[in-house]
Amino acid sequence: SPKVSRPSVMLLMISSWIPRKVSYPQYCFRSLTPNPSPIGRGVLKLLLFVFCRTISVPLPTGEGSGVRLIISGGGTGGHIFPAISIANAIKELCPDAEILFVGAEGRMEMQRVPDAGYRIIGLPVAGFDRKHLWKNFSVLLKLIRSQWKARSIIKEFRPQVAVGVGGYASGPTLKMADMMGIPTLIQEQNSYAGVTNKLLAQKACKICVAYEGMEKFFPAEKIIMTGNPVRQNLLGHSILHADAVKYFGLNPEKKTILI
């Protein structure tokens with residue numbers, strides 16, 4: 001994966017508005033190789049880089065001030081759990097960070113995110129019906145309402161950056177954030193980019209991906225290979241590979257694929 005600025009350079013850039021003594025968590029993102037990527041080389045560093053270099057709203061100053069971040073998207077666990085992992089990593093680096101999730105009303109994220117300890121606001125957004133186009137009139141009305149609500153959320157919360165992880169809600173949220181001068185970042189988990197992320201790509205500051213060849217979906221100059229965020233509890237264990245192979249009766253000389 002391409003190199004990004006060293007953690008020491010990044011911390012120097014942001015030293016005026018986050019605590020100087022920062023302990024990085026051991027890992028947050030796992031790339032496609034067997035070795036996980038350090039968090040300093042993943043989405044977290046990129047987020048902080050975007051905060052400092054492309055910010056168009058005043059950074060918080062003074063004692064008690066911290067990072068304000070919106071994470072938007074959901075619909076499935078493939079969107080929700082990476083989003084929660086990003087939030088957890090930000091909290092480990094900057095404990096006083098304020099993180100707000102924006103999801104879709106009635107979707108899975110409205111339960112999973114509060115269960116993880118974060119606040120979430122739902123938008124009345126829905127996906128397009130590609131088989132029955134005449135049913136999309138109500139969808140368009142919901143989209144308009146969602147954009148106005150997203151604008152109100154952003155105006156009240158005043159984030160320094162908005163992150164989209166895919167799903168219905170990330171569309172109106174990141175679109176309004178961009179229109180209001182808030183830098184945006186996309187995290188794409190799949191080898192075939194989702195519709196929402198493809199629509200948002202042109203305006204996004206950076207796009208984090210987990211697979212090679214994503215230039216066919218996104219502008220090449222914006223792509224950063226970070227790997228996919230994984231839940232921290234998957235990394236915080238002491239089980240050895242050899243023990244797992246022995247437990248399941250697998251051949252250690254062969255690769256194992258879980259389907």
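Below, all heavy atoms of this structure are taken into account, side chains as well, without hydrogens, waters or symmetry copies.
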Is it the case that the side chain of [X] and the backbone of [Y] share a donor-acceptor pair, with hydrogens and angles ignored and the cut-off at 3.5 Å?
X    : Y    : answer
K175 : L200 : no
S72  : V102 : yes
E188 : G194 : yes
K206 : I224 : no

Atom NZ of K155 with >12 non-hydrogen neighbours under 6.0 angstrom: no

Within 6.0 Å of CD in E156, more than 12 heavy atoms from elsewhere: no

T226 to C208 - nearest heavy-atom pair and separation: OG1-CB, 3.6 Å

Minimum-distance pair of heavy atoms, taken over all atoms of P172 and V125: CG-CG2, 4.4 Å

By salt bridge (charged side-chain N to carboxylate O under 4.0 Å, His left out) - contacts of K149 (at least two apart): E105

Ring centre gap for Y211 and Y192 strictly below 6.0 Å: no

Short side-chain donor-acceptor distance under 3.5 Å, Q187 and N228: yes

S170: partners by side chain to side chain donor-acceptor pair (under 3.5 Å), with sequence neighbours left out: none

